[in-house]
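This report refers to the structure that appears directly beneath it.
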Amino acid sequence: MKKKFAAFLLATLAIGWTGAHVWAQEQEEMSPAEHKRLFREGAQLWPVYCNTCHNARPGSEKAPYEWDQIMMHMRTLGNLPPDDAKAILEYLKAR
């Protein structure tokens with residue numbers, strides 16, 4: 001039982017790290033105008049998706065890599081469309 005749990009945990013961590021790494025690479029390749037557009041869109045979407053369940057928290061409360069992990073998790077739980085999740089992530093990282 002412990003071996004199965006350890007294997008599951010390692011697989012989950014590897015998938016999470018890979019997804020966050022790919023997402024981070026996409027963020028670096030954006031133009032400043034694209035960053036600004038996503039920030040504005042994320043500022044409008046954050047209250048719609050996040051603030052309905054969570055208290056307002058400053059984006060500076062977490063490191064950028066932590067927001068990557070949180071958004072991957074919340075995107076699944078909240079059934080967020082990919083473009084909306086990307087905009088919210090940009091907003092949280094810039095705050």
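When a residue number appears, it is its place in the shown sequence, counting from 1.
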Looking only at heavy atoms, which two atoms of [X] and [Y] are closest? And how far apart?
| X | Y | answer |
| --- | --- | --- |
| A85 | L80 | CB-CB, 4.3 Å |
| V48 | Q44 | CG2-O, 3.7 Å |
| P58 | W67 | O-CZ2, 4.1 Å |
| P64 | K93 | O-CE, 3.3 Å |
| N51 | N55 | OD1-C, 4.0 Å |

Report the distance from atom [atom1] of [X] to atom [atom2] of [Y], rounding to the nearest 0.5 Å.
| X | Y | atom1 | atom2 | value |
| --- | --- | --- | --- | --- |
| L38 | L45 | CG | CG | 10.0 Å |
| N79 | Y49 | CG | OH | 8.5 Å |
| M74 | L89 | CE | CG | 13.0 Å |
| Q69 | K62 | CD | NZ | 12.0 Å |
| I70 | H54 | CD1 | NE2 | 9.0 Å |
| M71 | T76 | CE | OG1 | 10.0 Å |

Measure from the side-chain N and O atoms of E66 to the backbone N and O of A63, and report whether any donor-acceptor pair falls under 3.5 Å.
->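 Yes.
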Sub-3.5 Å donor-acceptor pair from the side chain of W46 to the main-chain atoms of Y91, do we have one?
-> no
Any salt bridge between R75 and D84, counting N to O under 4.0 Å?
-> no
Electrostatic pair K86-E90, nearest N-O below 4.0 angstrom =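 So K86 does not pair with E90 through a salt bridge.
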